[in-house]
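The structure appears below as structure tokens.
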Amino acid sequence: MEKTYQPESIEARWYQRWEADNRFAPSGSGAPFSMMIPPPNITGSLHMGHAFQDTIMDTLTRYKRMQGNNTLWQIGTDHAGIATQMLVERKLAAEEGKTRHDLGRDAFMDKVWEWKEESGDHITRQLRRMGASVDWSRERFTMDDGFYKAVQEVFVRLHEDNLIYRGKRLVNWDPTLHTAISDLEVENRDQQGSFWHFRYPLADGVKTDDGQDHLVVATTRPETLLGDTGVAVNPEDPRYASLVGKFIELPLVGRRIPIVADEHADMDKGSGCVKITPAHDFNDYEVGKRQNHLLINVFSQDATVLENAEIYNLKGQAQPDEDASLPAKYARLDRFEARKLIVDDMDAAGLLQEVETVNNTMPFGDRSGDIIEPLLTDQWFVAVDELARPAIKAVEDGDIEFVPKNYENMYFSWMRDLQDWCISRQLWWGHRIPAWYDENGNVYVARTEEEAREKHNIAADVALTQDDDVLDTWFSSALWTFGTLGWPEQTEELATFHPTSVLVTGFDIIFFWVARMIMMTLKFTGDVPFKTVYVHGLVRDGQGNKMSKSKGNVLDPIDLIDGISLDDLVEKRTGNMMQPQKAKAIAKATRAEFKDGIEPHGTDALRFTFLSQATTGRDIKFDMSRLDGYRNFCNKLWNASRYVLMNADGEDCGQVSPEQGGGDVILSLADRWILSALQKTAASVTRYIDDYRFDHASQALYDFVWNEYCDWYLELSKPVLWEEAEGMSSVAAAELVKRKRGTRQTLVRVLEAVLRLAHPMMPYISEEIWQRVAPLAGTLSDTQAGESDSIMAKAWPEADERLIDDSASRNIEWLKGVIVAVRNVRAEMNIAPGKQIDVLLTKGSAEDAERLEQNRPFLMKLAKLESAAWLDNPGDAPLSATQLVGDMEVLVPMAGLIDKDAELARLQKEIDKHDKQIGAVEKKLGNESFTAKAPKAVVDKERGKLAEAQSARALLEEQRQKIAAL
RNA sequence: AGGACCAUAGCUCAGUUGGUUAGAGCGCCACGUUGACAUCGUGGAGGUCGGCGGUUCAAAUCCGCCUGGUCCUACCA
């Protein structure tokens, strides 16, 4: 074995082997355990969030697989409508100078598919680097034919149930992308904006109660004035009661618009008058509905002003008889140019009363970054109320459980206040809506054109054209769990693996995806999509900032695995930026943070870091120093294994039991102790993974490996393995053989079990070492090694109660106590670590004396002693440095060794420590209500503590005086 | 405006049903290359658990208020 762990030399090899050996597919036996990957975008590359999430899923998957479950972790990718289309459009513009319209729909789609074939699997290749044991044979893509069939089926059935409808509605319109987007795709950002107060002249010579000839309305969007249909005042507002039913002469346009009473107008805000623009504002749309106003749309799909308005009634029917004229001077102007001009014109007309500067929030498209415009368009909607009810109930009833629990509140609060979901998108890339129109605009929803004709008796010579729009990507991903298992066919896989067991996802996607999956899956399968939702936090940079290209703080998981030079990292962060002016600052910050670039750490260290940071919090600040630490942990495990193999390889490790002709083994106290500790660790790790506490699971493993197995057990094995038989009686020599065999067996067996415990978290290193260790542990025959077996297929270690040995544990704790005591004296007395010293033990019980005899070889070796003796009479003790282990004193005779002042200082420090504790406990016990009211066990415990501390203090004081008297 | 979550050692985080001497890793200080490992070993320093108040015999833990931070929803005429 290499002297240090070299991950790059083993990772790719093992992943290929596992994949070639088909180890990721369900075994076909055992209780089903299934999980669907939240499908990553084909446009994306693996980011820290994916890596984190995939680590958790893979850990669960490998764990369940080892526990004997019929385990399916299904992989797939998402077509990501807008993102992919944008990407290919940009590429097309850059390479050929063409737009998608130049190509036409079919040719453009060919381009997208071409791109998908070339680049769409980038992210899945990276997923392999993470060690993800997904079943590649069942890889799915949301645009696959089979999945499209499910999407169509759902659309048609929802339509049949009147849960999908089409209508001219106000939607969030992205003027850059020319598509509607859902509420969730709108990002509300704080802005500083202007608030224009306009005078709206009253028509017909009407005056307000206080004699004004106008009302004042305020707006942040003056350009919508062109589409105003009225001014609302509050019905309770006495100031304007007399004006209700009168008219305003809309400035610049000349339209007569009514003054209406509507509760939407807030008496306390501004003048109390609100302009109403039903076609351009969501609130006004509602007012328009109540007041039976027309909808006057004044913007094109580019958000430029129309030459003539489009006027509809509330049913969306065009009103050709209405006056749609608009002032010619604003026609075709962009909305913001029109705004400027309208403000100027109002000002010139003396109608601008005031411009206020305000902080408000504005809606931005999360993809385009453009300001979203509420726009009246024909769209398809899902009526969500009926779907939401059972989805809420499923969580209330515990059919679906969120981990951590508090995310259920987030889910409920959203689910209980749902708007109908706009599912159509004016894109080309996506699932085309299965609806056809005849020449009169009648719509027919069906799975195919043929079906549409059949269902509605449409003659073959009637031309039908399919709806141009596609469905929201989230509509299809809502079907992910069952659509990918073959639904609507009742497949074997569907029966076996649905509902899935767990969904692992980020809290940011609960609304987008989780909630919608629950609704759709309940509707179409009558069952939940998953029983548990494990919600994790979002990975942020070391300062807690969201990682983003524009901030220049992105870390690529692959770079953490393979390492990257500083120059390459800077190039990666500053190359191809949207805002190149930031490049300099980013380069500087990067050079400051990563002076020497990033060293290679290997996949396992990265995975272990993610797991250790998988706490219940919402933010995960990625900590590079912990990554370093867990790489060191890999190296520790590697070297411990190297030690084990050096001592066990080629030796008799008791693989063959005595019953089957193998030699006898004698287990030392240390052997029994570590076996016992292993059982407890196995139980803890199991429990923690079951509870989704990956941080605790990784910590439990780390503690055992480093602090027990390496720090103590390997050291304790040395005296046994290195003991020479020379000069022994033949009986003792024969026994030594058995003792050595027992220790080798324990070394190897514990390591082998540890590797299995580690495997779900650190698949590569555990496999690599296991292949060498397992034959020695008897769990893998020599002939199989490296050939046909894998730790992946081995059983998860179950805690064996029979191996728990409390007496051995107490013994080793005693031994550790004595060794630490001696080391402490050494360190504080500046005794050279290598110097062999004498130690006396005294004042203890008979059991202590007995333990000294049992543990003497260990003690001598680990504490580097010249001698260790029991002193029956404490009075005979020479002047010594003293440490306490329980009641027992550990004495290091001072002769020629110990610095008097140093020892006095050390003792005083100890005494002070005890005094502090005694004070605290005495205070507690002195409180009568404590002794009266606290449970007896608690009081007794305090009394015990006091007695212990007092006797210890007395011993230390006695010792201090003895030395002080010198 | 409403709600959620967070605030523990210099840093990143644990702390289960209230009773612990409040823990881990990293960092820091001192010492150390003897045969698994300097990606290491040994010893050590470091916290009035954001603040105030309450409940209780007992609060990092439960309750209230406040401060600071993050996020969501809503409003924004």
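A note on names: the letters A, B, ... follow the listed sequences, proteins ahead of strands, and every chain is numbered from 1.
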- Any side-chain N or O of Arg693(A) less than 4.0 Å from the OP1 or OP2 oxygen of G15(B)? yes
Is there any protein nitrogen or oxygen under 3.5 Å from a nitrogen or oxygen in nucleotides 68-70 of chain B, and what are the pairs?
{"unit_1": "U70(B)", "atom_1": "O2", "unit_2": "Arg618(A)", "atom_2": "NH2", "d": "2.7"}

- Query: What distance, rounded to whole Å, do you find between the two P atoms, one in G46(B) and one in C29(B)?
  - Reply: 16 Å
- Task: Return the set of residues passing salt bridge (charged side-chain N to carboxylate O under 4.0 Å, His left out) with Asp228(A) (not counting sequence neighbours), or none when no residue passes.
- Result: Lys275(A)
- Message: Please determine whether the number of non-hydrogen atoms from other residues, nucleotides or ligands lying under 6.0 Å from atom CD of Gln291(A) exceeds 12.
- Response: yes
- Message: Quick check: any donor-acceptor pair below 3.5 Å linking the side-chain of Gln613(A) to the base of A14(B)?
- Response: no
- Query: Say you pick atom P in G32(B) and the same atom in C6(B); how far apart are they, in whole Å?
  - Reply: 47 Å
- Message: I'd like the C1' distance from G15(B) over to A60(B), given in whole Å.
- Response: 8 Å
- If we take the C1' atom in both G51(B) and U67(B), what is their distance in whole Å? 7 Å
- Message: Please pick, from C76(B), C57(B), C37(B), the nucleotide with the shortest atom-to-atom distance to any side-chain atom of Ser929(A).
- Response: C57(B)
- Item | Nearest listed nucleotide, side chain of Arg823(A), among A36(B), G43(B), U39(B) | G43(B)
- Message: Check the orientation of Tyr630(A) and Phe633(A). Use parallel for under 30°, tilted for 30 to 60°, and perpendicular for over 60°.
- Response: perpendicular
- Message: Gln699(A): which residues meet the side-chain contact (heavy atoms from CB on, under 4.5 Å) condition with it, sequence neighbours left out?
- Response: Asp703(A)
- Task: Remember a base hit wins even if backbone is also touched, and classify Met410(A) as base, sugar-phosphate or nothing at under 4.0 Å, heavy atoms.
- Result: nothing
- Message: Measuring only the P atom in each nucleotide, how far is U34(B) from C13(B)? A whole number of Å is fine.
- Response: 39 Å
- Side-chain donor-acceptor pair under 3.5 Å between Glu2(A) and Thr4(A), yes or no? no
- Does a nitrogen or oxygen in the side chain of Asn647(A) sit under 4.0 Å from OP1 or OP2 of A36(B)? no
- Message: Using whole Å, what does the distance between atom P of nucleotide A4(B) and atom CZ of Phe402(A) come to?
- Response: 17 Å
- Does NZ belonging to Lys546(A) count more than 12 external heavy atoms closer than 6.0 Å? no
- Query: Is the shortest distance from a Lys or Arg side-chain nitrogen in Lys913(A) or Glu910(A) to a carboxylate oxygen in the other one below 4.0 Å?
  - Reply: yes
- Item | Whole-Å P distance, A24(B) and G41(B) | 15 Å
- Interatomic spacing from OG1 in Thr361(A) to CD in Glu187(A) - rounded to 0.5 Å: 12.0 Å
- Item | Spacing between Asp628(A) atom CG and C37(B) atom P, to the nearest angstrom | 21 Å
- Answer with base, sugar-phosphate or nothing: what part of the nucleic acid does Trp638(A) contact at a heavy-atom distance below 4.0 Å? nothing
- Select base, sugar-phosphate, or nothing to describe what Phe622(A) touches, counting heavy atoms under 4.0 Å on all strands. nothing
Pick out the pairs of N or O atoms, protein on one side and nucleotides 28-34 of chain B on the other, that lie under 3.5 Å.
{"unit_1": "U34(B)", "atom_1": "O4", "unit_2": "Lys864(A)", "atom_2": "NZ", "d": "3.2"}

- Message: Which helical stems does RNA chain B take part in, if a stem means at least 3 consecutive Watson-Crick or G-U pairs with both distances below 3.5 Å?
- Response: B:1-7 with B:67-73, B:10-13 with B:23-26, B:28-32 with B:40-44, B:50-54 with B:62-66
- Message: Quick check for you: among U12(B), A36(B), C75(B), whose closest atom lies nearest to any side-chain atom of Lys621(A)?
- Response: U12(B)
- Task: With the side chain of His696(A) defined as its heavy atoms from C-beta on, choose the nearest nucleotide among G41(B), U39(B), G15(B).
- Result: G15(B)
- Determine the contact category for Asn283(A): base if any of its heavy atoms lies under 4.0 Å from a base atom, sugar-phosphate if only primed atoms, P, OP1 or OP2 are that close, otherwise nothing. sugar-phosphate
- Message: Under the salt bridge (charged side-chain N to carboxylate O under 4.0 Å, His left out) definition, can you give me all pairs with a residue in residues 627-647 of chain A, not counting sequence neighbours?
- Response: Glu599(A)-Arg631(A)
- Message: Protein within reach of the bases, or only the backbone? For nucleotides 18-25 of chain B, mark each nucleotide 5' to 3' as B, S or -, using heavy atoms under 4.0 Å.
- Response: -BSS--SB
- Task: Let me know the distance between CD of Glu408(A) and C1' of G3(B), rounded to the nearest Å.
- Result: 17 Å
- Task: Could you pull out all residues at least two apart from Gln836(A) that satisfy side-chain hydrogen bond (donor to acceptor under 3.5 Å, both in side chains)?
- Result: none
- Which residues share a side-chain contact (heavy atoms from CB on, under 4.5 Å) with Arg953(A), sequence neighbours left out: Ile911(A), His914(A), Asp915(A), Ile918(A), Glu957(A)
- Query: What residues, two or more places apart in sequence or in another chain, satisfy salt bridge (charged side-chain N to carboxylate O under 4.0 Å, His left out) together with Lys924(A)?
  - Reply: Glu942(A)
- Query: Aromatic rings Trp414(A) and Phe511(A): how do their planes relate, parallel, tilted or perpendicular, breaks at 30° and 60°?
  - Reply: parallel
- Query: Closer than 4.0 Å, any side-chain N/O of Trp414(A) to the OP1 or OP2 of A4(B)?
  - Reply: no
- Note on the structure: When rounded to whole Å, the CD to P distance for the pair Glu286(A) and C76(B) reads 12 Å
- Roughly, in whole Å, what's the span from CD1 in Ile819(A) to P in G41(B)? 16 Å
- In whole Å, what separates the C1' atom of U61(B) from that of C49(B)? 10 Å
- Item | Spacing between Asn409(A) atom CG and C72(B) atom C1', to the nearest angstrom | 13 Å
- Item | Distance, C1' atom - from U56(B) to G64(B), rounded to whole angstrom | 16 Å
- Note on the structure: Applied to residues 683-702 of chain A, the salt bridge (charged side-chain N to carboxylate O under 4.0 Å, His left out) test, sequence neighbours excluded, yields Arg693(A)-Asp695(A)
- Task: Verify the contact: side-chain N or O of Asn188(A) to OP1 or OP2 of U73(B), cut-off strictly under 4.0 Å; return yes or no.
- Result: no
- Message: Within the 4.0 Å heavy-atom criterion, would you say Cys710(A) contacts the bases, only the backbone, or no part of the nucleic acid?
- Response: base
- Message: Output the rounded distance in Å from OH (Tyr709(A)) to C1' (C37(B)).
- Response: 14 Å
- Query: How is Glu187(A) classified with respect to the nucleic acid when contacts are heavy atoms under 4.0 Å: base, sugar-phosphate, or nothing?
  - Reply: nothing
- Message: Is it the case that the base of C76(B) and the side chain of Thr361(A) share a donor-acceptor contact (distance under 3.5 Å, atom types as modelled)?
- Response: yes
- So, is Lys636(A) near the phosphate of C37(B), with a side-chain N or O under 4.0 Å from OP1 or OP2? no
- Message: If the threshold is 4.0 Å, N to carboxylate O, is there a salt bridge linking Glu373(A) and Arg221(A)?
- Response: yes
- Query: Contact class for Trp706(A) vs. all strands (heavy atom < 4.0 Å): base, sugar-phosphate, or nothing?
  - Reply: sugar-phosphate
- Send over the distance from Phe512(A) CZ to C72(B) C1', rounded to a whole Å. 12 Å
- Message: So, using side-chain contact (heavy atoms from CB on, under 4.5 Å) as the criterion, who are the partners of Asp623(A) when residues are at least two apart?
- Response: Gln613(A), Ser625(A), Arg626(A)
- Query: Do Thr931(A) and Glu928(A) have a side chain donor and acceptor closer than 3.5 Å?
  - Reply: no
